[in-house]
2 protein chains.
Amino acid sequence: MLGPDHTGDTAPSLDRADLPAADRASACQAVAPVLARVGDKWSVLIVRALGSGPRRFNDLKRDIGGISQRMLSLTLRGLERDGLVTRTVFPTVPPRVDYALTGLGRSLWEPVEALGAWAQRHHPEIAAAQRRYDAQV
Amino acid sequence: MLGPDHTGDTAPSLDRADLPAADRASACQAVAPVLARVGDKWSVLIVRALGSGPRRFNDLKRDIGGISQRMLSLTLRGLERDGLVTRTVFPTVPPRVDYALTGLGRSLWEPVEALGAWAQRHHPEIAAAQRRYDAQV
DNA sequence: CCGAATCCAAATAGATACTG
DNA sequence: CAGTATCTATTTGGATTCGG
């Protein structure tokens with residue numbers, strides 16, 4: 001799969017035959033950091049929580065549940081650094097900080113959602129496979 | 001999160017309004033482990049390498065490059081456990097083991113590719129955002 | 001040739017306490 | 001309210017060695 005004889009769907013392929021091997025390799029390298037960001041334990045949940053609009057720090061913490069202040073702070077900073085999330089400080093007292101998705105962040109939602117739909121559709125199969133594997137060992 | 005007033009695009013949504021909140025939450029939980037699997041440093045590269053057909057252990061090691069035996073072995077076992085990859089031992093001497101994608105593994109490729117396409121399209125923006133962020137600090 | 005086992009270093013995550 | 005600082009526990013990854 002993913003050779004020049006790929007499935008032929010219209011999605012832009014990472015494996016474009018018009019690129020030399022080195023560029024295909026570097027394209028592959030480009031994917032890895034994004035998957036690392038999206039694949040970490042919290043980023044997607046945050047992006048998802050922000051999908052319906054801006055949220056404050058502690059609202060996010062409550063919405064997501066199970067995340068420590070530290071990880072929420074670190075992950076938000078990473079998302080901000082990558083241009084996926086904006087951080088807006090209102091100099092009021094008590095202080096208030098809103099986090100919101102950027103256009104880039106919103107554009108990320110669609111492929112993440114596609115993966116989420118896959119996960120949703122197939123996670124019974126995965127769970128079954130895991131049970132089979134664990135039982136046999 | 002992701003209320004009925006979502007962006008309204010036509011993509012199949014995780015946030016189907018016909019599901020009660022608890023199901024949306026559990027859907028969210030279902031996504032995380034899959035993203036963790038796909039988001040680790042090597043799984044996607046392995047799935048990708050297997051995309052064009054079965055491969056032997058050391059072929060994979062060479063194809064991927066930079067992966068240790070340990071991580072290749074561990075990651076393959078994880079993918080096998082999740083039912084994404086099959087492991088076939090040929091009792092020859094010297095021994096030979098083929099790894100191949102299952103149907104489930106192949107079905108995963110499409111959403112991964114969508115994410116990869118996003119990464120490809122937007123990674124200049126991400127890099128720029130990172131430079132901006134790093135410069136301003 | 002395939003890969004398990006061991007050992008070690010580094011990165012990561014949680015809990016807790018503290019600050020503007 | 002919105003974090004930072006610190007400490008520790010867990011996870012992760014590489015290198016090396018050994019076995020089937």
Side-chain angles (χ1 to χ4, degrees), chain A residues 29 32-47 49-50 53-82 85-101 130 133-134 136-137, chain B residues 29 32-46 49-50 53-82 84-100 130 133 136-137:
Chain A
Q29 303 306 322
V34 175
L35 291 175
R37 139 102 23 261
V38 162
D40 77 12
K41 199 172 176 184
W42 303 113
S43 290
V44 189
L45 299 178
I46 292 176
V47 170
L50 291 175
R55 286 279 190 288
R56 299 175 63 173
F57 188 87
N58 280 334
D59 291 338
L60 279 173
K61 190 166 180 324
R62 266 186 298 275
D63 284 356
I64 293 171
I67 188 172
S68 64
Q69 278 189 336
R70 172 189 152 86
M71 289 317 298
L72 181 54
S73 180
L74 286 177
T75 309
L76 281 170
R77 215 158 300 285
L79 292 170
E80 187 192 358
R81 176 169 184 265
D82 287 355
V85 161
T86 59
R87 178 176 182 271
T88 317
V89 181
F90 298 89
T92 59
V93 47
R96 166 183 176 157
V97 182
D98 273 12
Y99 292 92
L101 291 182
Q130 288 175 351
Y133 186 93
D134 294 344
Q136 131 200 352
V137 178
Chain B
Q29 301 306 324
V34 175
L35 290 176
R37 141 106 313 114
V38 162
D40 78 8
K41 201 173 173 183
W42 303 112
S43 290
V44 190
L45 299 178
I46 291 176
L50 291 175
R55 287 278 190 290
R56 300 176 62 175
F57 189 88
N58 279 334
D59 290 339
L60 279 173
K61 190 166 182 319
R62 267 186 297 275
D63 283 356
I64 293 171
I67 189 174
S68 66
Q69 278 189 339
R70 173 188 153 88
M71 290 316 299
L72 182 53
S73 180
L74 287 177
T75 309
L76 282 170
R77 213 159 301 286
L79 293 170
E80 187 192 359
R81 177 169 184 264
D82 288 354
L84 300 171
V85 160
T86 59
R87 178 176 182 272
T88 318
V89 180
F90 299 90
T92 59
V93 46
R96 165 183 177 158
V97 182
D98 272 12
Y99 294 91
Q130 289 175 352
Y133 185 91
Q136 131 202 350
V137 178

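Below, chain A is the first sequence line, B the second, and so on; all start at residue 1.
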[X] [atom1] to [N] [atom2]: how many Å, rounded?
| X | N | atom1 | atom2 | result |
| --- | --- | --- | --- | --- |
| L76(A) | dA13(C) | CG | P | 14 Å |
| N58(A) | dG3(D) | CG | C1' | 9 Å |
| K41(B) | dA10(C) | NZ | C1' | 11 Å |
| D40(B) | dA11(C) | CG | P | 18 Å |
| D98(A) | dA2(D) | CG | P | 8 Å |
| L45(A) | dA13(C) | CG | P | 13 Å |
| I67(A) | dT16(C) | CD1 | P | 17 Å |
| L74(B) | dT12(D) | CG | C1' | 10 Å |

Would you indicate which nucleotide in [options] comes nearest to any side-chain atom of [X]?
| X | options | result |
| --- | --- | --- |
| M71(B) | dG14(D), dT4(D), dC2(C) | dG14(D) |
| R77(B) | dA4(C), dG3(D), dC2(C) | dA4(C) |
| F57(A) | dA2(D), dT4(D), dG13(D) | dA2(D) |
| Y99(A) | dG14(D), dG3(C), dG3(D) | dG3(D) |
| V97(B) | dC2(C), dA2(D), dC1(C) | dC2(C) |
| R70(A) | dC1(D), dA15(C), dG3(C) | dA15(C) |

Within-4.5 Å side-chain heavy-atom neighbours: [X] and [Y]:
| X | Y | result |
| --- | --- | --- |
| T86(A) | E80(A) | no |
| F57(B) | L76(B) | yes |
| L45(A) | D63(A) | no |
| R56(B) | V97(B) | no |
| L79(B) | L50(B) | no |
| Y99(A) | V85(A) | yes |
| I67(A) | K41(A) | no |

Measuring to OP1 and OP2 of [N], would you say a side-chain N or O of [X] lies under 4.0 angstrom away?
| X | N | answer |
| --- | --- | --- |
| R96(B) | dC2(C) | no |
| S73(A) | dT4(D) | yes |
| R87(A) | dG3(D) | yes |

Problem set entry | All side chain to side chain donor-acceptor pair (under 3.5 Å) counterparts of R62(B), not counting sequence neighbours | D59(B)
Exercise. Bend angle of the helix from dC1(C)-dG20(D) to dG20(C)-dC1(D) from five-pair axes at both ends, rounded to 10°?
Worked result: 40°
For this session: Using a heavy-atom cut-off of under 4.0 Å over every strand shown, decide if F90(A) touches base, sugar-phosphate, or nothing.
Result: nothing
Exercise. Of Q69(A) and V89(B), whose closest DNA chain C nucleotide lies nearer the 5' terminus?
Worked result: V89(B)
